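Hydrogens, waters and symmetry mates are skipped; everything else that's a heavy atom, side chains included, is used. These numbers were taken from a predicted model, which means no experiment stands behind them. Below, chains carry the letters A, B, ... as their sequence lines are ordered, and counting in each starts from 1.
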There are 2 protein chains.
Amino acid sequence: MSVTPSTDPRPAGRQARLEEILATAWGIAEEQGLAGVSLHEVARRVGLRQPSLYAYVDSKNCLYDAMFGQAAQALLTQVTTVDLPDDPRQAVVVMARSMWSFVRENPVKGQLLFERTIPGFEPSAESYSVAVRYQGWVVDKLFAAGVTDPGDVDICTALMAGLISAQETNEPGGERWFRHLEAVFGMFFAYIDGKSSTPTVARKERATSHATGPEGAPS
Amino acid sequence: MSVTPSTDPRPAGRQARLEEILATAWGIAEEQGLAGVSLHEVARRVGLRQPSLYAYVDSKNCLYDAMFGQAAQALLTQVTTVDLPDDPRQAVVVMARSMWSFVRENPVKGQLLFERTIPGFEPSAESYSVAVRYQGWVVDKLFAAGVTDPGDVDICTALMAGLISAQETNEPGGERWFRHLEAVFGMFFAYIDGKSSTPTVARKERATSHATGPEGAPS
DNA sequence: GTCTATATCCAGATAGAC
DNA sequence: GTCTATCTGGATATAGAC
């Protein structure tokens, strides 16, 4: 998996080519869907012959893997770069909004990260680790907002994913589900508080700490 | 779209063959995924040559369309056949559970119905109408349970879909998300009641009536 | 309805020359 | 690293005989 090791004397040029290849693949994916990416088409656009791609990528799945890594990295940086409000619950909402805008602006990356749409493809451990870091970050923010029960973390992420996927599959880029984001989080936090005997205390005073993910498995 | 009109003297035999073809296609889809269905493979298993399938189906997409119709019909009958409790909110939960068990036992049908996974395929109006009937039925039940705001219907269906998809993509057939079904509905109904000034009144006394779907578009 | 034969197109991957 | 040439396999769809 992943790109072929370089023994090239001009690693800079080689790296540039590889990035060009990846960028081209993204372009095709945006036009024709992820499954529509073929090595032939990539080579065509990049000005190479199809077999030449094997100097950069060991197989088609390795290309997908590299793309997965890029997508995870992009999501991670976007989401960790956002300025979060001090209130941990408002922070969660802002984080969710940021994540949503990511998949809205990068639907193909979202598809690659969150859906299992390509038949034989599983991300390598290396590429996946970035996605895991993203998840850990989300769990941290939820924890700070008082969502400490792993089951509640599962519920929260599922709700988010449900809203997003309903919106983006039925009315991409629209508002029909998006506008309920805040209401849903309000509903969720009310539910959280309702479970606790001292709801209001738990709200604000939570230390940030890195949890080990809700219950192991990833989204 | 749809199957080719029959001029066959033995329509019963022809119909049987067609059903055999569809059943075979389902079998392949269960083994190799929906995209893995090829006319060659269907023909091979059914004991015909690939071109002979065109006596039953106008194109591959027509095959998918017939499958879509079958899936929608199966879901509709399963979900409308279930014995619902008198309490409209308990009824909604039971309905949701029934829907979930459908996609759990028929993951491929669920994929065809609820995900847009096949590149060039859109269900025909005819096949789709069954799915619309299913949706109308769900909206009716929600309405009876006091979920009358179209926006709330959207929220509810998105939550359900989120739970289901989290469960079935991350841990197919498992319990990790499934066990929160009741809690999530409790949360949702509490949210609904919190919006109304007369929450408890609205709970039980609702007449069943067919609504025109939340806001038009389907899931 | 079913067949053979074929047209046409696409894919991923490898061998070996330069 | 890049090329040509090729292997191997797949697909949908059509023509025309029986």
Side-chain angles (χ1 to χ4, degrees), chain A residues 1-22 24-25 27-29 31-67 117-122 124, chain B residues 1-22 24-25 28-29 31-67 117-122:
Chain A
M1 202 59 79
S2 108
V3 301
T4 74
S6 161
T7 46
D8 182 56
R10 277 171 38 241
R14 199 197 128 86
Q15 185 62 21
R17 260 272 208 245
L18 176 58
E19 270 156 27
E20 189 191 356
I21 288 169
L22 284 167
T24 305
I28 298 172
E31 290 172 21
Q32 320 191 12
L34 268 175
V37 176
S38 78
L39 298 183
H40 280 94
E41 182 64 19
V42 171
R44 213 168 291 135
R45 298 197 185 188
V46 134
L48 288 178
R49 303 292 176 160
Q50 174 253 347
S52 305
L53 292 184
Y54 284 81
Y56 299 92
V57 161
D58 284 337
S59 73
K60 190 183 181 182
N61 274 352
C62 295
L63 176 64
Y64 281 133
D65 193 54
M67 293 171 79
T117 178
I118 292 157
F121 169 67
E122 289 292 320
S124 66
Chain B
M1 200 60 81
S2 110
V3 301
T4 74
S6 162
T7 44
D8 182 58
R10 275 170 40 242
R14 198 195 128 86
Q15 185 62 21
R17 260 274 209 245
L18 176 58
E19 270 156 28
E20 188 191 357
I21 288 170
L22 284 168
T24 305
I28 298 172
E31 290 171 22
Q32 321 190 12
L34 267 175
V37 176
S38 77
L39 298 183
H40 278 97
E41 183 64 21
V42 171
R44 212 169 292 135
R45 298 197 186 189
V46 132
L48 288 178
R49 303 293 175 157
Q50 174 255 346
S52 304
L53 292 184
Y54 284 80
Y56 299 92
V57 162
D58 284 336
S59 75
K60 190 183 181 182
N61 273 352
C62 294
L63 176 64
Y64 281 133
D65 193 54
M67 293 171 79
T117 179
I118 291 157
F121 170 67
E122 289 292 319

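Regarding B:Ile21, its CD1 atom lies at a distance of 12 Å from the C1' atom of C:dT2, rounded to whole Å. Residue A:Leu48 contributes atom CG, which lies 6 Å from atom P of D:dT2 at whole-angstrom precision. Between B:Asp58 atom CG and D:dA13 atom P there is a gap of 10 Å when expressed in whole angstrom units. Between the OH atom of A:Tyr54 and the P atom of C:dA11 there is a distance of 12 Å, given to the nearest Å.
Checked against salt bridge (charged side-chain N to carboxylate O under 4.0 Å, His left out), B:Glu19 has no partners two or more places apart in sequence or in another chain. Under the side chain to side chain donor-acceptor pair (under 3.5 Å) criterion, B:Gln32 pairs with no residue, sequence neighbours left out. Remark: B:Gln50 pairs with no residue by the side chain to side chain donor-acceptor pair (under 3.5 Å) rule, at least two apart or across chains.
Considering only side-chain N and O atoms, B:Arg14 lies under 4.0 angstrom from the phosphate OP1 or OP2 of C:dG1. The side chain of A:Tyr56 contributes an N or O atom lying less than 4.0 Å from OP1 or OP2 of D:dT2.
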Give me, pair by pair, the N or O atoms of the protein and of nucleotides 7-11 of chain D that are less than 3.5 Å apart, along with how far apart they are.
| residue | atom | partner | partner atom | Å |
| --- | --- | --- | --- | --- |
| D:dA11 | OP1 | B:Ser38 | OG | 2.5 |

Distances under 3.5 Å between protein N/O atoms and the N/O atoms of nucleotides 4-7 of chain C, please, pair by pair.
| residue | atom | partner | partner atom | Å |
| --- | --- | --- | --- | --- |
| C:dT4 | OP2 | B:Arg49 | NE | 3.0 |

Per-pair distances, 0.1 Å, donor-acceptor, side chain in residues 39-47 of chain A, under 3.5 Å, sequence neighbours excluded:
| residue | atom | partner | partner atom | Å |
| --- | --- | --- | --- | --- |
| A:Glu41 | OE1 | A:Arg44 | NH1 | 2.4 |
| A:Glu41 | OE2 | A:Arg45 | NE | 2.8 |
| A:Glu41 | OE2 | A:Arg45 | NH2 | 3.4 |
| A:Arg45 | NH1 | A:Glu31 | OE2 | 3.2 |
| A:Arg45 | NH2 | A:Glu31 | OE1 | 2.9 |

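B:Cys62 approaches B:Asp58 most closely through the heavy-atom pair SG-CB, 3.8 Å. The shortest heavy-atom contact between B:Tyr64 and B:Val37 is OH-O, 3.9 Å. Heavy-atom minimum distance, B:Gly120 versus B:Asn61: O-ND2, 3.4 Å. Among all heavy-atom pairs drawn from B:Val57 and B:Ser59, the shortest one is CG1-O, 2.7 Å.
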